[in-house]
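One structure is given below, encoded as structure tokens.
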Amino acid sequence: MLVHYFLDPTFDPTTGILCEEESHHATRALRLAVNDQLLVGNGRGQLFECSIATQGKKNLVLSLLSERNVPPAKPAIAIGIAPLKNTSRLEWFVEKATEIGADTIIPMLTHRTERPKLHAERMQRLILAATKQSNRAWMPLLAPLTNFNDLVSDTQELKIMAHCDSNFSRKPLRECLPSKPPESITIIIGPEGDFTPAEIELALGNEFAGCDLGSNRLRTETAGIFCVSLLSGFYR
């Protein structure tokens, strides 16, 4: 039997109330009814197998059948990426990176960032929808717009910078990855026009490993997807 997956960060199994949006989707789009079973995630690793107990005017009330905890995937993958002038391309990246396995998405303010603003609420909705689409138990964290200097000085187990400047040391991304999975990986992708030499120097001085992504020139969002795909596939 197909059990549909719903994502409701506010779900409390003690009350069983499913949020209005997911309740509407269950009854109007999927035509679920009383006694039908479904799976509810809260985006924080908890999954609840439930059946529909009652159907209210706006919300379904669910009966809990069982629950389980899903541990977060290792390593935790954080990707810092500069917002793009074309917001639809950044939104596409956020959606696909969520589906592939990014755990934290960090919009990054660099010297050459062309759009120093975010539609954070819309991006959060995209992350929620993509988490549900891909049946993820953990919803990625969307960090606030973060200054480049603050990001590179943060301590992480493995830190990688993808850049295009041949005046600085680089090696293929795969060669930057240890065979034993670290607890966490942070990889940063520059804006259109790449990082400045001063930014590269700063990152390398803060224990980032420089990498290249091959001979083809990639758009920022393409480079981001390439990195998340490779890291997720390599370790998971």
Side-chain angles (χ1 to χ4, degrees), residues 72-86 89-90 93-94 96-98 100-118 120 123 140-236:
K74 296 293 182 182
I77 299 172
I79 181 160
I81 190 164
L84 303 163
K85 188 175 182 180
N86 186 333
R89 285 165 50 193
L90 180 64
F93 163 78
V94 166
K96 302 310 173 189
T98 298
I100 294 168
D103 299 294
T104 304
I105 299 170
I106 311 169
M108 184 175 55
L109 186 60
T110 70
H111 180 74
R112 291 173 177 159
T113 297
E114 294 189 76
R115 182 179 289 275
K117 294 182 179 180
L118 291 175
M123 291 175 64
L141 170 68
L142 176 65
L145 187 63
T146 303
N147 185 276
F148 174 84
N149 290 10
D150 294 333
L151 178 56
V152 298
S153 62
D154 191 19
T155 301
Q156 297 290 336
E157 186 169 354
L158 179 61
K159 303 191 287 188
I160 302 171
M161 167 187 257
H163 68 83
C164 304
D165 195 330
S166 59
N167 293 313
F168 296 91
S169 61
R170 295 177 298 163
K171 55 185 178 181
L173 178 54
R174 283 185 178 274
E175 294 182 16
C176 297
L177 305 179
S179 56
K180 181 180 178 180
E183 287 294 312
S184 63
I185 300 173
T186 297
I187 188 162
I188 57 176
I189 308 295
E192 293 145 320
D194 202 14
F195 295 107
T196 65
E199 288 171 335
I200 297 173
E201 286 185 357
L202 181 62
L204 297 181
N206 279 274
E207 300 183 342
F208 273 77
C211 80
D212 69 68
L213 304 180
S215 58
N216 293 352
R217 179 179 295 176
L218 305 179
R219 293 180 184 270
T220 296
E221 72 276 17
T222 309
I225 291 300
F226 175 86
C227 291
V228 175
S229 300
L230 192 150
L231 293 175
S232 184
F234 189 83
Y235 287 118
R236 300 175 182 175

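Distance check: Ile188 CD1 to Met161 CE gives 4.0 Å after rounding to the nearest 0.5 Å. The structure places CG of Leu145 at 10.0 Å from CE of Met108, a figure rounded to the nearest 0.5 Å. To the nearest 0.5 Å, atom CD1 of residue Ile79 and atom CD1 of residue Ile189 are 4.5 Å apart. Distance check: Arg217 CZ to Leu213 CG gives 13.0 Å after rounding to the nearest 0.5 Å. Here CD of Glu199 is found 7.5 Å from CZ of Arg112. Values are rounded to the nearest 0.5 Å.
The backbone N or O of Pro75 sits less than 3.5 Å from a side-chain atom of Arg236, completing a donor-acceptor pair. In this structure, Glu175 contributes its side chain and Pro172 its backbone to no donor-acceptor pair below 3.5 Å. Proximity of a side-chain donor or acceptor of Asp103 to a complementary backbone N or O of Ala78 within less than 3.5 Å is not detected. With Lys96 contributing its side chain and Ile225 its backbone, the two residues share no donor-acceptor pair below 3.5 Å. Lys159 places a side-chain N or O within donor-acceptor distance of the main-chain N or O of Asp154, the cut-off being under 3.5 Å.
Within 6.0 Å of atom NZ in Lys74, more than 12 heavy atoms from other residues, nucleotides or ligands are found, so the atom counts as buried in its surroundings. In Arg219, the CZ atom is not crowded: 12 or fewer heavy atoms of neighbouring residues, nucleotides or ligands sit closer than 6.0 Å. The neighbour count for Glu192 CD, taken as heavy atoms of other residues, nucleotides or ligands under 6.0 Å away, is above 12.
For Glu157, the side chain to side chain contact (heavy atoms under 4.5 Å, CB included) partners at least two apart in sequence or on another chain are Pro182, Glu183, Ser184. Under the side chain to side chain contact (heavy atoms under 4.5 Å, CB included) criterion, Leu204 pairs with Phe168, Ile200, not counting sequence neighbours.
Annotation for Ile100 and Ser232: closest pair O-OG, 3.4 Å, computed over non-hydrogen atoms.
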